Amino acid sequence: MLGLKNDSFFMKEAMREAQKAFSLDEVPVGAVVVHKNKIIARAYNQVEMLKDPTAHAEMLVLTEACNFLRNKWLLDCTIYVTIEPCSMCAGALVLSRIKKIVYGAVDPKTGACGSVINLINNKKLNHRLQVKTGVLEKECSLLIKEFFLRKRQKVATHN
């Protein structure tokens, strides 16, 4: 299929969003939603800026994608996110009925796509997603690690 972009291409776009969060001192998570091989929504974490604990990249990008498609279901869409979603975001992904999630780095502390818990493919829920992990994992992980390293260094210099 000519012209089809690959997972690395879209993950790099999600990383561009994560970089925006990083530059604003937000936890650097970025996400894009793809429909018919085209990005229809993009977002990054805005928890601090909006003073909203639900302003995760995934939540914001789902809203934008639903608005774009004028539909509450994202049946033929894929979300690319730089880190494994938390339980709130994983639940929203299930409720959106998105077809597939592709994420970069695992989140061993709050990941809800298999690391800590698995909401994505829980047989008791009404929808399950295709999951692909580890796309540009090293790069995605490095960005998060750099962010928290800088945070710890700031704290250490103020003590």
Side-chain angles (χ1 to χ4, degrees), residues 1-107 110-115 118-121 125-147:
M1 290 195 186
L2 281 174
L4 285 182
K5 297 174 182 95
N6 63 22
D7 289 337
S8 293
F9 173 86
F10 292 119
M11 188 60 74
K12 285 177 185 168
E13 291 299 309
M15 287 185 67
R16 288 175 64 179
E17 294 301 308
Q19 286 285 355
K20 292 176 187 175
F22 189 99
S23 69
L24 296 169
D25 205 31
E26 295 273 0
V27 175
V29 178
V32 297
V33 171
V34 174
H35 180 254
K36 296 182 180 176
N37 206 40
K38 180 180 178 244
I39 294 173
I40 61 167
R42 47 179 75 235
Y44 55 88
N45 273 5
Q46 297 179 40
V47 172
E48 301 300 328
M49 183 171 53
L50 299 176
K51 307 288 186 255
D52 179 354
T54 69
H56 290 196
E58 300 95 323
M59 301 297 285
L60 298 171
V61 83
L62 287 177
T63 299
E64 190 176 316
C66 288
N67 287 336
F68 180 87
L69 294 174
R70 294 187 175 106
N71 197 326
K72 64 181 177 179
W73 305 134
L74 299 174
L75 298 171
D76 294 320
C77 295
T78 298
I79 185 171
Y80 291 82
V81 62
T82 55
I83 192 167
E84 180 182 5
C86 69
S87 56
M88 173 183 68
C89 295
L93 289 168
V94 170
L95 292 173
S96 77
R97 298 194 183 173
I98 201 160
K99 183 177 184 176
K100 183 177 180 180
I101 177 173
V102 179
Y103 66 86
V106 298
D107 184 348
T110 63
C113 300
S115 290
N118 190 350
L119 290 179
I120 296 297
N121 284 310
L125 297 177
N126 67 339
H127 179 71
R128 283 172 282 297
L129 289 68
Q130 297 171 27
V131 180
K132 184 172 181 179
T133 65
V135 175
L136 301 181
E137 181 175 12
K138 206 177 290 184
E139 295 91 330
C140 292
S141 182
L142 209 66
L143 190 59
I144 294 279
K145 287 176 182 173
E146 175 69 20
F147 176 80

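As a basis for the values below, the full set of heavy atoms in this structure was taken, side chains included, without hydrogen atoms, waters or symmetry mates. All of these numbers come straight from a predicted model, not from anything done at the bench.
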If I compare all heavy atoms of [X] with all of [Y], which pair ends up nearest, and what's the gap?
{"X": "Pro28", "Y": "Ala21", "answer": "CA-CB, 3.8 Å"}
{"X": "Lys12", "Y": "Leu136", "answer": "CG-CD1, 3.6 Å"}
{"X": "Thr110", "Y": "Asp107", "answer": "OG1-OD2, 2.6 Å"}
{"X": "Ala105", "Y": "Glu137", "answer": "CA-CG, 4.0 Å"}
{"X": "Ala55", "Y": "Leu50", "answer": "CB-CD1, 3.9 Å"}
{"X": "Tyr103", "Y": "Pro85", "answer": "CD2-CD, 4.3 Å"}

Donor-acceptor pair, side chain of [X] and main chain of [Y], under 3.5 angstrom:
{"X": "Glu26", "Y": "Val47", "answer": "yes"}
{"X": "His127", "Y": "Ile98", "answer": "yes"}
{"X": "Ser141", "Y": "Lys138", "answer": "no"}
{"X": "Asp76", "Y": "His35", "answer": "no"}
{"X": "Thr82", "Y": "Gly30", "answer": "yes"}

Exercise. Check side chain to side chain donor-acceptor pair (under 3.5 Å) between Glu17 and all other residues, then give those that pass, not counting sequence neighbours.
Key: Lys20, Arg42

Quiz item: Above 12 or not: heavy atoms from other molecules or residues under 6.0 Å from NZ of Lys100?
Solution: yes

Quiz item: Does CZ belonging to Arg16 count more than 12 external heavy atoms closer than 6.0 Å?
Solution: no

Kindly indicate whether the side chain of [X], heavy atoms from C-beta on, has any atom under 4.5 Å from the side chain of [Y].
{"X": "Leu24", "Y": "Asn45", "result": "no"}
{"X": "Ile39", "Y": "Phe68", "result": "no"}
{"X": "Glu48", "Y": "Asp25", "result": "no"}

Practice problem: Could you go through the side chain to side chain contact (heavy atoms under 4.5 Å, CB included) check for Asn126 and Val94 one step at a time? | Solution: CA-CA 8 Å; Asn126 67 339; Val94 170; 3.9 Å; yes

Spatial distance of atom [atom1] ([X]) from atom [atom2] ([Y]) [nearest 0.5 Å]:
{"X": "Leu60", "Y": "Thr54", "atom1": "CG", "atom2": "OG1", "value": "7.5 Å"}
{"X": "Met59", "Y": "Ser96", "atom1": "CE", "atom2": "OG", "value": "10.0 Å"}
{"X": "Leu62", "Y": "Asn67", "atom1": "CG", "atom2": "CG", "value": "11.0 Å"}
{"X": "Leu129", "Y": "Cys77", "atom1": "CG", "atom2": "SG", "value": "11.5 Å"}
{"X": "Lys72", "Y": "Leu95", "atom1": "NZ", "atom2": "CG", "value": "10.5 Å"}
{"X": "Cys86", "Y": "His56", "atom1": "SG", "atom2": "NE2", "value": "5.0 Å"}

Practice problem: Using the side-chain contact (heavy atoms from CB on, under 4.5 Å) rule, pick out the option among Leu75, Ile40, Val33 that qualifies with Leu69. | Solution: Ile40

Quiz item: Under the criterion side-chain contact (heavy atoms from CB on, under 4.5 Å), which of Leu143, Ile144, Ile83 is the partner of Val27?
Solution: Ile144

Exercise. Indicate the ring-plane relationship of Phe22 and Phe147, choosing parallel, tilted or perpendicular according to the 30° and 60° boundaries.
Key: perpendicular

Quiz item: Residues two or more places apart in sequence or in another chain: which of them pass side chain to side chain contact (heavy atoms under 4.5 Å, CB included) with Ala31?
Solution: Ala57, Val61, Ile79, Val81

